[in-house]
Amino acid sequence: MRRSSTDETPYRRSPSLDSKAGSPPLRYSGEYEYRSAPFGFGFRTAPGTQTAKAGYATAQGRKYVVFYLDLSFIFLLELRRCRMAEGCMRALRYSMVFFNLLFWLGGCGILGVGVWLSVTQGNFATLSSSLPSLSAANLLIAVGTIIMVIGCLGCVGAVKESRPLLLSFFILLLLIFLLEILFIILFFAYQDQIDQYAQSDLKKGLQLFGTEGNIGLTNAWSIVQTDFRCCGVTNHTDWFEVYNATRVPDSCCLEYSDNCGLENPGTWWTAPCYERVKGWLQENLVALWIFALCAALTQILGLVFSMTMFCQAVKVDTFYA
């Protein structure tokens, strides 16, 4: 018996956006052929006929696959970069906390030594008469206090990631660094004038040797002349003007004894103390430059780390604002 035309195609596909005008309608069989791939991020989830398989090899299917692969790759790269940045910031914060804590402890130690010298030794190591407050004790107290303040600002600012504290740390450290550079430039530019002024001022300080209220200056000159085996600023005759006689302090003697400065000049040190100290500094110039470079490198790292953390804190606040 012949089948009617209506029985041949019981199912017909309704027109879609992908169908073109004049194209024959797609007839569905029992295997349900699909012209486009099902939703699966560009990958087929169930086996189908050869027509369905060929649908994934079209230009549009390949474009979807490449698009989703690019998105996945970019997402993984961004995730890895964020994790690396977070790890770097954490390591930077811990390093800054550690070094600033060491600085703070070092400042406490320097301040303690300065207070101890001030209490027990008075104005210890005061050689200048025009700057009596420029003693070893006062210098240690000032340096220790500055180091403690800067170390505390850096440590607390790194722990709390506080922008005001980090900015204050950066500004103070930058000012100190610039002052150090300015001092070095002026020292080398006016070295001859500084030498003349220092020698003149030290000679004036000799007039206060052994007087009441100047035990710090007296002890300082005694230690310098004994350790460096020298006498006077430029010559042992500098003491003749102090005593108005041919006499030197007992610390100028080759062999120390009471009133040995009144004996034969052949038993005195004759080398000038100023040149001896200057020569000692020149002999240890390499060590001094290494210390200066280490201090400068530490300050530069502190400036870079603090500004990096400050900028990161600004970005975070701006992002969450």
Side-chain angles (χ1 to χ4, degrees), residues 106-145 187 191-288 291:
C108 291
I110 295 173
L111 179 62
V113 173
V115 172
W116 176 77
L117 286 177
S118 179
V119 173
T120 59
Q121 303 294 328
N123 291 327
F124 177 75
T126 301
L127 299 177
S128 175
S129 60
S130 60
L131 297 172
S133 59
L134 190 62
S135 61
N138 293 337
L139 285 176
L140 291 176
I141 291 174
V143 172
T145 303
F187 176 78
Q191 188 171 4
D192 295 337
Q193 292 86 338
I194 293 174
D195 283 341
Q196 295 176 1
Y197 176 81
Q199 293 179 17
S200 175
D201 190 66
L202 290 173
K203 287 182 179 180
K204 293 179 181 178
L206 295 181
Q207 303 292 332
L208 303 176
F209 184 85
T211 58
E212 185 178 358
N214 292 289
I215 186 173
L217 186 143
T218 303
N219 292 336
W221 270 112
S222 298
I223 293 173
V224 169
Q225 293 182 140
T226 302
D227 291 345
F228 287 94
R229 298 181 178 183
C230 58
C231 190
V233 179
T234 57
N235 201 342
H236 68 283
T237 57
D238 294 336
W239 293 106
F240 296 171
E241 301 176 2
V242 177
Y243 292 106
N244 293 323
T246 307
R247 180 186 175 181
V248 296
D250 295 340
S251 57
C252 288
C253 298
L254 300 177
E255 295 182 2
Y256 179 82
S257 62
D258 292 337
N259 297 323
C260 62
L262 297 172
E263 299 177 359
N264 188 357
T267 61
W268 303 336
W269 302 113
T270 57
C273 290
Y274 188 84
E275 295 298 330
R276 279 292 180 90
V277 174
K278 190 176 180 180
W280 178 82
L281 292 175
Q282 291 177 352
E283 291 175 0
N284 297 273
L285 191 61
V286 176
L288 293 175
F291 175 79

Please report the closest heavy-atom contact between Pro272 and Val233, naming both atoms and the distance. CB-O, 3.4 Å
Check Ala271 against Cys230 and note the closest heavy-atom contact, atom names and distance. O-CB, 3.1 Å
As a quick check of understanding, evaluate side-chain contact (heavy atoms from CB on, under 4.5 Å) for Lys203 and Thr234, giving each step before the final call. CA-CA 9 Å; Lys203 287 182 179 180; Thr234 57; 3.5 Å; yes
How long is the straight-line distance from CG of Leu202 back to OH of Tyr197, given to the nearest 0.5 Å? 10.0 Å
Interatomic distance, NE2@His236 vs OG1@Thr246, rounded to 0.5 Å, equals 8.5 Å
Is there a side-chain contact (heavy atoms from CB on, under 4.5 Å) between Trp269 and Arg276? Walk through the geometry before answering. CA-CA 12 Å; Trp269 302 113; Arg276 279 292 180 90; 6.0 Å; no
List the atom of Leu288, the atom of Leu281, and the distance in Å for their closest heavy-atom pair. CD1-O, 3.8 Å
Using a 3.5 Å distance criterion without hydrogens, assess whether the side chain of Ser200 forms a donor-acceptor pair with backbone atoms of Gln196. no
Rounded distance [0.5 Å steps], CD in Gln225 versus SG in Cys253: 10.0 Å
Let's go through Phe228 and Tyr274 carefully: what are the C-alpha distance in whole Å and the side-chain angles of both, what is the deciding distance for side-chain contact (heavy atoms from CB on, under 4.5 Å) to 0.1 Å, and is it a yes or a no? CA-CA 10 Å; Phe228 287 94; Tyr274 188 84; over 6 Å; no
Looking at every non-hydrogen atom in both residues, tell me the closest pair between Leu140 and Ile110 and how far apart they are. O-CG2, 3.2 Å
Do the non-hydrogen side-chain atoms of Asp195 and Lys278 ever get within less than 4.5 Å of each other? yes
Sidechain-backbone polar pair: Asp201 side chain, Ala198 backbone, donor-acceptor under 3.5 Å: no
Over all heavy atoms of both residues, which pair between Asp258 and Tyr256 is shortest? Give the atoms and the distance, please. OD1-OH, 4.1 Å
Can you tell if the side chain of Trp221 reaches within under 4.5 Å of the side chain of Ser251, non-hydrogen atoms only? no
Where do Arg247 and Leu262 come nearest, in terms of heavy atoms and distance? CD-CD2, 3.1 Å
So, does Trp268 use its side chain to make a donor-acceptor pair with the main chain of Leu254 at under 3.5 Å? no
Rounded to the nearest 0.5 Å, how far does CH2 of Trp239 lie from CG of Asn244? 13.0 Å
Check step by step if side-chain contact (heavy atoms from CB on, under 4.5 Å) holds for Ile141 and Thr145. CA-CA 6 Å; Ile141 291 174; Thr145 303; 4.2 Å; yes
More than 12 heavy atoms of other groups within 6.0 Å of Phe291 CZ: no
Inspect cysteines Cys252 and Cys231 and report if their side-chain SG atoms are under 2.5 angstrom from one another. yes
